[in-house]
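Report on one structure; see the data block that follows.
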Amino acid sequence: MSVEVLKIAKDWFSAQGWRPFPFQEESWQAYLDGGSGLVNAPTGSGKTYSLLMPVMLEYIRRHPDDYKTRRNAGLQAIWITPIRALSKEIELSARRLIDGLELPWRIGVRSGDTSTKERAAQRSKPPELLITTPESLHLLLASKGYADFFKELKILVADEWHELMGSKRGVQVELALSRLKTVVPALKVWGISATIGNMDEALQALLGNYYHERPYSVIRADLHKEIEVISVMPDTLERMPWAGHLGIVLLEKVIEIVRNSKTTLIFTNTRSFAEIWYQKMLDKAPELSGLMAMHHGSISQELRNWVEEQLHLGKLKAVVCTSSLDLGVDFRPVETVVQVGGPKGVARFLQRAGRSGHQPGAVSRIYFVPTHSLELIEAAAIREAIVRKVVEDRLPYLRSFDVLMQYLVTLAVSDGFEPDTTLAEIRGTFSFGSVTDDEWHWMLNFLTHGGDSLQAYDEYRKVVLQNGIYRVENRAIAMRHRLSIGTIVSDSSMHVKFLSGKYLGTIEEYFITRMSPGDVFWFAGRNLELVRVKDMVAQVRKSNKKSGRVPSWQGGRMPLSSQMSELIRNKLDEVVRGVEHDEELTFLKPLFDLQRQRSHLPGAGDFLVEYFESDEGYHVIMYPFEGRFVHEGIAALVAYRIAQIQPITFSIAMNDYGFELLSDQPIPIEEALETDVLGTTDLLKDIQASVNSTEMARRKFRDIAAISGLVFKGYPGKPVKDRHLQSSSQLFFNVFHDYEGHNLLLRQAYEEVMDFQLEEARLRRALDRIARQKIMITYPPKPTPFAFPIMVDRMREKLTTEKIEDRIRKMVVEYDES
DNA sequence: GACCTGCTGCGGTGTG
């Protein structure tokens, strides 16, 4: 029988003038054979058809006689996407397929954009295919009688699973699946993922108990894509600064690239740099005006949609953007991609490179623009990664009790949950497999009584136990809960609008409060004058002034991935051994020579420590090349341990390559190194003592409080002020900290600090590696090329711009004397 | 006038 339906698939493909890829045919067969699985395929490979097709084929096989006329068959398939924008393309593919196969199927999209009317229609007559997000799926689970809605479901597909699994949104998908597996015992679970380092873990996280209990397949689309990495280098090394992040010295070269290419995407690492680059490019190349646009996460959806559309139509010559264009709509006309600044990770760089050269067989070409000299090593490292097929892991979140708590209230809001069933279900997930009976009882107790510390307050007795079922009875609680479903907690921001009311995007409260009416700032590629701030809206008008301040946003600080770190250390080792071949490394030769002459160039077997004195005091600089988070931990650890030898205080600075300890008194560094200041003995204890883990946990707790539902973020259009949110979540933190140390949400905050802030596992590996290396301590007469960027970063944080420039100038003069 | 750090994603009243 399956042979017959496969013929339908092939016929459909040839009717389109296509030939199926082997991986597509493989997944059709695997699906029809009955198991779950994971398709490992890049974007643009027809991955959607690899699963949509067999879902429909199976339906045809099940109803061979009347599949063309059977209407309202019920919800057959759910397609989860991490980004609403992707649903359009999935819908398009599905439409094509449905029409071609003559199925009377309806497609539903359920997301924040779906109207109330449409939602009601979907509920009464479920579409056969539902495209939705993890959040909207949970909203469905929060509605009464949901089991009926899902009863015909055959398959859930988690698209871009690699994106979801590394976040709490992935945990949401796991939880929703745990419920659906009971509602529909024959459910199949499939994921689609780009290649990541830990594919098997990705599969386990997605399948949960199915991983051990049911058959599954892993299908790999081995499609070869050629990627060419070209470094943009200044004419001479002297032109390149030793420190910095903007990379604007290479502006002219980037403009040349744009001029010579049909369409170029210019990726920057931050939103403010996107703004600056856009502005500078227009200044230098005014002919690009009207042909160039900007795209980042704080620009209004409307403007972003316009940019995406123009890009799609091939009407733009260049777009300056951030990760906001990493995923989402496919822009075939993009010919060239430029990456400004170190990409920090292999996967991110390749994803961006893949935005160009979309035609089959075409080469993806990406230009790398370094922002300081040493960053050029990263280009060489990436090239190596491509050859060796190195990719990063995505770490799934484990035991995120905040998400679990939200989920339990979701179930309680709709039809209630029976504790034993639900416990068994959640233990079948990857995230909560290890939940103990005690922890489970703590959760139930917290939901029904507000735990030990909040039991006096009715507000926190959200859930009641009735005839063995946990329910939310209070309608106000239910409503507030539906409004707060989701795990993305945003910072407070202010809307930017023209006086006419046209919405431009969001800006941080912090930035705007430091401006007065009449001041000019540069945002969304325009010069704007602040007119007034009213009701959390910054009202602006166009300004003719040439310059203005550029907003900055408080965002995540991505450290160098461990894969990148290792590749960089390898590249340095090649230089030490004299076997380097990348042109970037050749170009940097004079810089390496100076490093060698003044200090030491560390190979794979060395760990470099520099100690010197300057006008500022005594500096110890170490170079683990492990990314800034790990350096934050090691720096605090070393500072703490040195202070055990003799009372001393430090100021600490770090970048992705190393860290600096600065003191106004001599640092007993030799003695410290002899006493194993970098050892792993008592690591956990010393870390706890050295970093202010309570303060870090307090910050993490803000999100946990919001996700678990302890604090309410406000009604739509009426957000609770950030200051208020901040203080109430702090209040909870303090209460739990003082009176309820075993509180699972509190403990989670500390665990998140260890896992994601200090990256404990990686830190430990780094220290183990260092223990095997030979410590090379040098006493450079002056700061070395490696030290310089770290020192400059430290000064930036402390001093005003003007002073920094004086300082840098002074430092630079000193170098020239050598 | 020189100098500019810090990504992305979702959701926003259901029920009788």
Side-chain angles (χ1 to χ4, degrees), chain A residues 80-86 110-114 116 119-120 123 132-139 142-145 160 163-164 166-170 172 241 243-249 267-277 279-280 295-298 301 321-328 340-345 348 351-352 371 413-414 475-490 508 522 546-547 549-559 628 655-656 706-707 712-719 792-793 796-797 800-806 808-809:
Chain A
I80 302 268
T81 129
I83 303 175
R84 283 187 311 232
L86 284 174
R110 171 55 156 100
S111 74
D113 303 331
T114 311
T116 323
R119 289 176 193 185
R123 292 222 51 197
T132 188
T133 61
E135 289 80 5
S136 285
L137 181 58
H138 275 246
L139 279 163
S143 57
K144 294 228 188 293
E160 311 278 357
E163 279 294 322
L164 288 170
S167 76
K168 289 183 183 178
R169 302 180 76 198
Q172 271 188 300
H245 305 280
L246 184 59
I248 210 74
V249 290
F267 282 100
T268 62
N269 285 339
T270 75
R271 287 166 277 188
S272 60
F273 284 178
E275 298 273 357
I276 297 170
W277 268 88
Q279 187 180 15
K280 299 275 182 199
H295 197 286
H296 62 66
S298 292
Q301 201 62 54
C321 59
T322 61
S323 302
S324 54
L325 283 188
D326 269 356
L327 281 174
V340 178
K344 312 279 184 207
R348 182 177 307 111
Q351 170 74 34
R352 291 179 177 178
T371 62
V413 156
S414 54
R475 288 179 69 163
I477 290 178
M479 181 187 94
R480 275 164 52 141
H481 180 74
R482 288 196 185 93
L483 290 173
S484 341
I485 283 180
T487 61
I488 301 171
V489 185
S490 327
E508 291 195 359
W522 182 266
K546 270 306 256 181
S547 65
R549 298 188 44 198
V550 176
S552 66
W553 288 265
Q554 187 75 266
R557 303 183 160 197
M558 293 164 297
R628 57 175 306 127
N655 68 7
D656 278 322
I707 295 169
F712 180 53
K713 289 175 292 178
Y715 295 93
K718 251 188 108 180
V792 169
D793 278 0
R796 266 203 188 103
E797 274 170 30
T800 67
T801 317
E802 202 182 11
K803 280 185 191 157
I804 294 170
E805 289 332 305
D806 285 350
I808 295 175
R809 207 166 296 129

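The chains referred to below are lettered A, B, ... by the order of the sequence lines, with proteins before strands, and numbering in each begins at 1.
Checking the phosphate oxygens (OP1, OP2) of B:dG9, no side-chain nitrogen or oxygen of A:S323 falls inside 4.0 Å. When the side-chain nitrogen and oxygen atoms of A:S484 are compared with OP1 and OP2 of B:dG12, none of them lie within a distance under 4.0 Å. Within the structure, every side-chain polar atom (N or O) of A:R169 is placed at least 4.0 Å from both OP1 and OP2 of B:dT8. One finds a side-chain N or O of A:S552 lying less than 4.0 angstrom from the OP1 or OP2 phosphate oxygen of B:dG6. Between A:T133 and B:dG11 there is a side-chain polar atom (N or O) within less than 4.0 angstrom of OP1 or OP2.
Listed nucleotides: B:dT8, B:dC10, B:dT15. Nearest to the side chain of A:K144: B:dT15. Candidate nucleotides B:dG9, B:dT5, B:dT15 were compared by shortest atom distance to the side chain of A:S143, and B:dT15 ranks first. When the nucleotides B:dG11, B:dG9, B:dT5 are ranked by their closest atom to the side chain of A:I488, B:dG9 comes out on top. Here the side chain of A:L246 is nearest to one of B:dT8, B:dC4, B:dG6, namely B:dC4. For A:T270, counting side-chain heavy atoms from C-beta on, the closest listed nucleotide (B:dG9, B:dT5, B:dT15) is B:dT5.
The residue A:T371 sits apart from the nucleic acid: no heavy atom pair falls under 4.0 Å. At the heavy-atom level, A:R271 lies under 4.0 Å from the strands shown only through sugar-phosphate atoms. Contacts of A:G112 with the nucleic acid, taken as non-hydrogen atoms under 4.0 Å apart, involve only primed sugar atoms and P, OP1 or OP2. Note on A:R352: nothing from the nucleic acid sits closer than 4.0 angstrom, heavy atoms only. Using a 4.0 Å heavy-atom cutoff across all strands shown, A:L139 reaches sugar-phosphate atoms only and no base atom. If you check every strand for non-hydrogen atoms under 4.0 Å, A:S111 touches sugar and phosphate atoms only. Nucleic acid contact class of A:R549 (heavy atoms, under 4.0 Å, all strands): none. Within the nucleic acid shown, A:T322 comes within 4.0 Å of sugar-phosphate atoms alone, with no base atom in reach, counting heavy atoms only.
In terms of position along DNA chain B, the nucleotide closest to A:G556 lies nearer the 5' end than the nucleotide closest to the other residue of the pair A:S414 and A:G556. Comparing A:A243 and A:G486, the nucleotide of DNA chain B nearest to each residue sits closer to the 5' end for A:A243.
Atoms NZ (A:K168) and P (B:dT8) sit 20 Å apart, rounded to a whole Å. Taking atom CD of residue A:E163 and atom P of nucleotide B:dC10, one finds them 11 Å apart after rounding to whole Å. Per the geometry, CD1 belonging to A:I276 stands 9 Å off C1' belonging to B:dC3, to the nearest Å. Separating the CG atom of A:D113 from the P atom of B:dG11 is a distance of 7 Å, rounded to the nearest angstrom. Between A:M479 atom CE and B:dT13 atom P there is a gap of 9 Å when expressed in whole angstrom units. Look at CG on A:N269: it is 9 Å from P on B:dC7, rounded to the nearest Å. One can place CZ of A:R557 at 16 Å from P of B:dT8, the figure rounded to the nearest angstrom. Between the CZ atom of A:R84 and the C1' atom of B:dT8 there is a distance of 13 Å, rounded to whole Å.
Closest approach of A:S272 and A:W553 over heavy atoms only: N-CZ3, 3.9 Å.
Remark: of the listed residues A:S298, A:S324, A:S323, A:S298 is the sole one forming a side chain to side chain donor-acceptor pair (under 3.5 Å) with A:R271. Residue A:E160 forms a side-chain contact (heavy atoms from CB on, under 4.5 Å) with just one option from A:T81, A:L327, A:I80, and that option is A:L327.
Between the A:W277 side chain and the A:C321 main chain, no donor and acceptor come within less than 3.5 Å of each other.
In this model, a side-chain donor or acceptor of A:S490 finds a partner on the base of B:dC10 within 3.5 Å. With hydrogens and angles ignored, no donor-acceptor pair closer than 3.5 Å exists between the side chain of A:R480 and the base of B:dG12.
Here A:H138 pairs with A:Y407 under the ring pair (Phe, Tyr, Trp, His ring centres under 6.0 Å) rule; sequence neighbours left out. The side-chain hydrogen bond (donor to acceptor under 3.5 Å, both in side chains) check on A:D326 picks up A:R352, with sequence neighbours excluded.
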Q: Please step through side-chain hydrogen bond (donor to acceptor under 3.5 Å, both in side chains) for the pair A:D793 and A:H245, ending with a clear verdict.
A: CA-CA 10 Å; A:D793 278 0; A:H245 305 280; 3.1 Å; yes

